[in-house]
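What follows is a single structure, written as structure tokens, with notes after it.
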Amino acid sequence: MDTRVRMMRAWVWLALGLQLGCGGGGVGPRDLDGDGHPAELDCDDANPTVWRSVTGYTDSDGDGFGEGSSSVTCVGSTTKGWAWEGGDCAPLDATRWRSAPGLYPDADGDGATGKDPVTGCVGTTLAGYQEQPGTPDCDDGDAAVSALSLAWADTDQDGVGAGMAIAWCPSPGRQPPKGYVLTSGDCAPGDTRFWQRLPFTRRDEDGDGFAVAQAGTVCSGEHLPAGYDTVSPSEDCDDRNANRTVRVERWLDPDGDGYGDGAPVLRCVGPAESRPGETFRGGDCAPGDGTRWQPLSYASRDGDGDGHLSPATGQVCSGFWLPQGYSQAVRNDDCDDGNVALFRTWSVHADADGDGVGSGPASTFCGTATVPTGYSQQATDCAPQDATLWRMLAFTHRDADGDTYTVAQSGELCAGSNLPAGYATQRLSGEDCDDTNATAFRNVTAYADTDGDGVGAGASTLLCTSGQVPSPWSASGTDCDAQDATRWQNLSAAHADRDEDGFTAPIPAQVMCTGKSLPLPYFLKAVGNDCDDADAGRYRWTYIYRDQDADGVGATPRQMTCLGPAVLAGWSMYGDDADDGNAAVQTDEAAEEELSLILDL
């Protein structure tokens, strides 16, 4: 409640009390709230906790110092929220209330301060400030950061910068400016592959993998670039030529076959590089012959020069390959290496009938390239004395009667190029039901035809024939009357023409045993729609109109009538007579005119 309102209430009660005292005579001072202070002296006689008026300041944080301008306030001995003294510089912070000039800001308490003095709001201590300037603080909100760091431009983005540095405050979570890094010393600012100088002790200038001793530093990346190293590979005899690496032996080669003779000399040359008359290989077995230079081993040779080899071992001075007449493989092509006319071993059988197939035990001959006359490499002749027969052939089918129809029968017989007639390895024209009769070879199903109408009946019978069913049999067994030659099949009837007028009427469906067609008057399909099958003069349903004036045109109503070809007397098929009592009037002129107008539209 506002202090002024409380004071006004107190004065009102005081006035009432005075009035009552004047009228009551001898009544003591009034104390409405019972706090022991009379109403005339109580600044709020309705509240026992306050009774006196003071001039003070609002103290929101309870530090004993108020803020703002002073005002009259009604308080008691326990009233809070006010103070005698004003000037609080931090009304909401009980730890600070006084202003102190000439202080240096140190909000994070790390001892580093701002460079210029300020007036600070403090309490019993100087928390957040220093009386003397400290080292400059680039981030007074973080005690772990105070000094500026340096950052360098990283133009090639390899993580190492170069050039002039900029100052940067390294606050937590704060990255250097874009394009700057904290590491300097990039030896190649425009090349992402290189950023630091590394020492080397070996140099491979020609890139052949062989190096020479050379010390220094080179601008590098994570590792030394190609051509520089600190280990010691093989020594390069010429580091300006990649084809020359180590000194190699060379031999004199007077015959130019690539193989030299005598003691070698050491030269710094490439693998394919040599001086005229020199080679990188020694051991020439024929120093004066350019076609031979190395001894090669052989396992077969041709002693008689007939082009066929027999087993033999040794070495012969050769070129790239063994000379003709020698082979590294074991070959036994010559059964007589001392006779040029004989070279091939034959294991053959006597062929007495000259059909190319022999028989009997084998005989061995050393001969020429062809089989010896009167002999064969085969010993399977099943008829040694018959030149037309020489091998066993299997058969699976037999045709004894020669009708090209076979029966299953397996076996084998001595034959020539092919099986003889009557034997086969597969079914020919078909399965033979009688291989003893050339005219009977196929089973047919037949039915007895006792009435001779071409259709049989009864149980079926298998007949072995030439493929045709003989008389008196039939291939069909559906005869519905086996004793009547005029009837042999069941036909369905659904219509009849009993009055023989050429038009049928429906009847209940029935099946009849008949010949080629249904007997009259029965039909399977309808012919017209006879409205009276008992009267040949009537066969159609039609609408007709009563014609009372006999002018050929009747009038409604119409009626459905069973008629023949003509209309009944006194009736007409037309029903649009406008006046059926007057033969001279047939049309409605008004209607005709109206219809004409409609058609003209």
Side-chain angles (χ1 to χ4, degrees), residues 1-15 17 29-147 169 171-174:
M1 185 182 294
D2 189 84
T3 303
R4 289 175 294 178
V5 174
R6 294 192 184 107
M7 292 181 68
M8 288 178 65
R9 287 179 177 176
W11 285 113
V12 170
W13 284 109
L14 179 59
R30 291 185 60 83
D31 181 11
L32 298 179
D33 54 10
D35 57 3
H37 299 277
E40 65 273 15
L41 300 178
D42 196 334
C43 57
D44 187 354
D45 203 29
N47 185 351
T49 63
V50 295
W51 59 84
R52 60 175 176 153
S53 295
V54 297
T55 300
Y57 301 86
T58 301
D59 182 11
S60 301
D61 53 9
D63 58 3
F65 293 87
E67 70 269 11
S69 58
S70 62
S71 61
V72 176
T73 305
C74 185
V75 301
S77 57
T78 60
T79 303
K80 297 181 179 180
W82 72 281
W84 292 106
E85 189 174 349
D88 194 337
C89 58
L92 300 178
D93 186 352
T95 64
R96 298 182 295 135
W97 58 85
R98 62 189 181 97
S99 296
L103 299 178
Y104 293 85
D106 182 14
D108 54 12
D110 59 0
T113 66
K115 64 179 181 177
D116 296 321
V118 298
T119 299
C121 184
V122 298
T124 56
T125 67
L126 299 180
Y129 299 91
Q130 299 287 344
E131 290 184 310
Q132 300 297 326
T135 57
D137 198 336
C138 68
D139 186 350
D140 203 26
D142 188 348
V145 180
S146 60
C169 189
S171 299
R174 183 182 178 197

| query | Going through the checks in order, is the side chain to side chain contact (heavy atoms under 4.5 Å, CB included) test met by D33 and W51? | reply | CA-CA 10 Å; D33 54 10; W51 59 84; 6.0 Å; no
| said: Restricting to non-hydrogen atoms, name the atom on G64 and the atom on A83 that form the minimum distance, rounded to 0.1 Å. | reply: O-CB, 3.3 Å
| said: For a side chain to side chain contact (heavy atoms under 4.5 Å, CB included) check, start with the C-alpha distance between Y57 and D88, then their side-chain angles and the critical distance, and finish with the verdict. | reply: CA-CA 10 Å; Y57 301 86; D88 194 337; over 6 Å; no
| request: Using ring-ring contact (aromatic ring centres under 6.0 Å, His included) as the criterion, list what pairs up with F65, not counting sequence neighbours. | output: W97
| said: side chain to side chain contact (heavy atoms under 4.5 Å, CB included), that's the test. Do D35 and D45 meet it? Break it down for me. | reply: CA-CA 8 Å; D35 57 3; D45 203 29; 4.3 Å; yes
| request: Could I get the full list of side-chain contact (heavy atoms from CB on, under 4.5 Å) partners for S71, not counting sequence neighbours? | output: T73
| field | Listed partners of D59 passing side-chain hydrogen bond (donor to acceptor under 3.5 Å, both in side chains), at least two apart | value | none
| task | Could you list the residues that satisfy salt bridge (charged side-chain N to carboxylate O under 4.0 Å, His left out) with D93, not counting sequence neighbours? | result | R96
| request: Enumerate the residue pairs fulfilling disulfide bond (SG atoms under 2.5 Å apart) with a member in residues 95-141, sequence neighbours excluded, ordered by first and then second residue. | output: C89-C121, C138-C169
| message | Can you give me the closest heavy-atom contact between L103 and P105, atom names plus distance? | response | O-CD, 4.1 Å
| message | Test of understanding: with side-chain contact (heavy atoms from CB on, under 4.5 Å), list the residues that count as partners of A94, not counting sequence neighbours. | response | D61, D63
| task | Look up atom CD in E67 and atom CG in L92, then write down how far apart they are to the nearest 0.5 Å. | result | 7.0 Å
| message | Quick one: does any side-chain atom of D31 pair with a main-chain N or O of G36 as donor and acceptor, under 3.5 Å? | response | yes
| Heavy-atom pair with the smallest gap, counting every atom of R30 and E40 | O-OE1, 4.5 Å
| field | Donor-acceptor under 3.5 Å (T113 side chain, D106 main chain) | value | no
